[in-house]
Amino acid sequence: MIQLKGIHRTFQVGDQEVHALNEINLNVSPGEYLSIMGPSGSGKSTLLNLLGLLDRPTSGTYLLNNQDVTVLSDFEQAKTRRNKIGFVFQFFQLLPRLTAQENVELPMMLDGIAPNERSQRATEVLDAMGLSDRRHHRPDQLSGGQRQRVAIARATIMEPAILLADEPTGNLDSKSGLDVIKILEQLNNKGLTLIIVTHDPEIGVRAKRHIHMIDGKIVESRTDTIAETKDSLPS
Amino acid sequence: MRLLDILSYTGSTLGRYRTRTGLILLAMAIGVASIIILTSLGEAARKYVVGQFSSLGTNLLIVIPGRSETTGGAPSMIVGETPRDLTLDDAKALTRSAYVQRIAPVMIGSASISWKQLDREAPVLGSTAALLDIRHWNMDSGRFLPRGEIDRATPVCILGGKLYRELFGSETALGKWIRIGDRRFRVIGIMASEGRSIGVDVQDLVIIPVASAQSLFNSPSLFRILVEARNRDVIPRAKEHILDTIQERHQGERDITVITQDAILSTFDRILRALTLTVGGIAAISLFVAGILIMNIMLVSVSQRTAEIGLLKALGAPGNQIIVLFLSEAIALSLAGACFGVAVGMAGNLIIGHFYPDLPLGAPWWAVASAVGIAVTTGTAFGALPARRAAKLDPVLALSHK
Ligand SMILES: Nc1ncnc2c1ncn2[C@@H]1O[C@H](COP(=O)(O)OP(=O)(O)OP(=O)(O)O)[C@@H](O)[C@H]1O
Ligand SMILES: [Mg+2]
């Protein structure tokens, strides 16, 4: 489904060039569960943004379902993001003036879906997240874990094929972090392709495939059993 | 995105940033209200002046001896200088027309007026009974010049209110004989104070029959002839008729000028309307100031809401949708401000109208429409730049914005 070939992404900072991604080659099949780990500044977020069409590579090709998406127009990229890709962010990115349900409905609103269908679908998804009684609360009336669940509901409401999560537990305590990860894994079990960037090895090792990045390069890409990965990773 | 959703989304942002919303509304409202109030005042002034002019007489044509004279000058003693005199016979000839309702020949001179020991130099106006109707003047007491043959020199006179008070104080004047020049006239009426005339204040006048004036000043020539046309539509034909008639009587020479009151009126009308447009235009500048305020505040808003814009993009909003969202905010703000301004302007008119009940105040519809139009146009135009800037934001940077 995802094919990255010879991807480079450089940033110009002053007269210095930062090589955030350096010759990335990566294939992801539908329904895979990937974790991306690595030291700070190694290019994990840059890679994820690129996968989510929020950023364009400096060079290289990105095929999504065999289509080169780097050449798409702004409008077509936006449409792809809307229908095929969901994002979960470290800082939730909920709009503070909207209720939980309204936040979940936002992508459907942008897509022009009728209000009736919107509220029905949002209610269902929020129920599934265990947030039935929090539907009309604003983000500042919710706990961190609840906020992230609202964000996951929003990311999956359009039934995307891929879910990209950049440190989804980074702002949560370990218990609610684990709850969130379990919800994401359930979604993965139903066939959603899940890619998680994380600093937390406990979470990283849960994935079926781990990618380790250093200095913009993938240095390790393994499909391991959980037990083996735990031994091999530096702690 | 659905229109209703765009509106409710816009509403939720405007509701969240109340101070800036209020500020923009205020700026827009002030601009729109000042356009409405200033144009209303201008229009009121125009209507007032036009009304005053109409009170000089309706469907009025003024016949002046000489070709080139175009406006009524100050009353002149030098009547004999014109190429050929206008005479009473000329005036009589004009009455024989289907277009003419009535005529009043006018002579103007100056003479000393005396009653007992008191003596005044005052303008003397010679005319006929029709003058009262043509000019819509009112009598204070007594009656106006007698009807009948216009060349009968009856020794009667009507005094202007001020002149009457100067000569008689609080004494009654009706029936008394006063001296005008070297003749004696009986006072038969006093003019009411509201009578107006261009150049001469009716208050200061003494009015005598035109034939008496001719012999008093020892001259046959008229200062002018006032002609009232039968109705507004025949004014041009009446004018033609007057020119032809006099030309025939003056051995084929067109040596008179006919001024229609319409011409004077429409000149004033044009001048005052231009003034109204000017002050309205100046007020419209304040709307551009409001537009710049919208731009500034929206630019601030774009940077305040950077993360939100990044999120919308991540959720799949293309650039032009972001533009639509921000533009609709600008339009909503300017439209609401304009409506608010219309209300304030109308209220202002009511208040001014309360203190100056004589002014025919009322916001002209074209002023209201263009004020609202300009407000929304400037709001949209100045909202375009912030909206474009929002649409161009890099979503990655926008999302990492704190
Ligand atoms: N917009 C940018 N302009 C300049 N340099 C950038 C930009 N974005 C990222 N970089 C640089 O690219 C490199 C990779 O950054 P990235 O955010 O992908 O790292 P990361 O692996 O996500 O780190 P962290 O774990 O701290 O989130 C870093 O050196 C960073 O400074
Ligand atoms: Mg990162």
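Computed from a predicted model, the values in this text were never measured in an experiment.
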Item checked: Which atoms of B/Leu4 approach chain A - backbone, side chain, both or neither, heavy atom under 4.5 Å ->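 Neither part; nothing is under 4.5 Å.
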Note to self: Heavy-atom cut-off 4.5 Å, strictly under: side chain, backbone, both or neither for B/Gln321 against chain A?
What the structure shows: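 Looking at B/Gln321, just its side chain touches chain A.
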Salt bridge or not between [X] and [Y]? Use side-chain N to carboxylate O under 4.0 Å.
X: B/Arg273; Y: B/Glu43; answer: yes
X: A/Glu102; Y: A/Arg135; answer: no
X: B/Asp5; Y: A/Arg118; answer: yes
X: B/Glu308; Y: A/Arg97; answer: yes
X: A/Arg121; Y: A/Glu124; answer: no

Notebook entry, point to check: Picking from A/Pro107, A/Ala114, A/Ser73, A/Gly52, which has the most non-hydrogen pairs under 4.5 angstrom with chain B?
Noted result: A/Ala114
Next item on the list: Between chain B and each of A/Leu106, A/Leu98, A/Asp55, count heavy-atom pairs under 4.5 Å; write down the option with the most.
Entry: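 With the most close heavy-atom pairs to chain B, the winner is A/Leu106.
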Next item on the list: Check each atom of A/Ile85 against the heavy atoms of chain B and say whether the ones under 4.5 Å are side chain, backbone, both or neither.
Entry: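 Neither the backbone nor the side chain of A/Ile85 comes within 4.5 Å of chain B.
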Note to self: Which atoms of A/Phe87 are under 4.5 Å from chain B, going by heavy atoms: the side chain, the backbone, both sets, or neither?
What the structure shows: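 It is the side chain, since no backbone atom gets that close.
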Item checked: Leading residue by heavy atom contact count with chain A [cutoff under 4.5 Å; candidates B/Ala314, B/Gly319, B/Ala307] -> B/Ala314
Notebook entry, point to check: If you count heavy-atom pairs under 4.5 Å between each of B/Leu312, B/Asp394, B/Val396 and chain A, which one has the most?
Noted result: B/Val396
Next item on the list: Establish, for the pair A/Arg9 and A/Phe11, whether the NZ or CZ atom is under 6.0 angstrom from the six-membered ring centre and no further than 45 degrees off its axis.
Entry: yes
